[in-house]
Amino acid sequence: GAGVCGGLRVLCLEGNPDIGADGAAALADVLSDGACPGLEVLSLDGSSIGDAGVRALVLAMEAGAPFANSLRALRLSDCGLGPEALRDLA
């Protein structure tokens, strides 16, 4: 919820293939609720979130999630992304 991990600037969840799309959606929900409002770097490299996970994060940012204003880097190498994710990120 709001204010949780307020000072967190970098969240590194690299190398966690079990996160998947469901985990990315859950993370998007928590971030949308105001957790980590000053987040600058979100690293999900190797997390297998796929297109659906990217979509959840993008929708959260488009809806005005607090972290959307501070995020400077979203790292998504080796996440199983396809053309849909690339369109969402454009």
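Screening L13, D22, L57 for a side-chain contact (heavy atoms from CB on, under 4.5 Å) with I49, the sole residue that qualifies is L57.
To the nearest 0.5 Å, atom CZ of residue R72 and atom CG of residue L42 are 14.0 Å apart.
Across all non-hydrogen atoms, the minimal contact from G15 to P17 is O-CD, 3.2 Å. The minimum heavy-atom distance between F67 and C36, with the atom names listed, is CB-O, 3.7 Å. The heavy-atom pair separating M61 from L71 by the smallest distance is SD-CD2, 3.8 Å. S47 approaches L44 most closely through the heavy-atom pair OG-O, 2.6 Å. Residues S70 and G38 share a closest heavy-atom pair of OG-C, 3.2 Å. Closest non-hydrogen pair, A60 versus S32, comes out as CB-OG, 3.2 Å.
A continuous path of ILVMFWY side-chain contacts below 4.5 Å connects V54 to L74, so both sit in one hydrophobic cluster. A continuous path of ILVMFWY side-chain contacts below 4.5 Å connects L89 to L39, so both sit in one hydrophobic cluster. If you chain together hydrophobic residues whose side chains sit under 4.5 Å apart, V58 and V30 never meet in one group.
Although no hydrogens or angles enter the test, the distance criterion places no donor-acceptor pair under 3.5 Å between the side chain of S48 and the main chain of G80. The backbone N or O of E14 sits less than 3.5 Å from a side-chain atom of N16, completing a donor-acceptor pair.
Remark: D51 pairs with no residue by the salt bridge (Lys or Arg N to Asp or Glu O under 4.0 Å) rule, at least two apart or across chains.
A salt bridge is absent between D45 and R75; no separation between the charged side-chain nitrogens and carboxylate oxygens falls under 4.0 Å.
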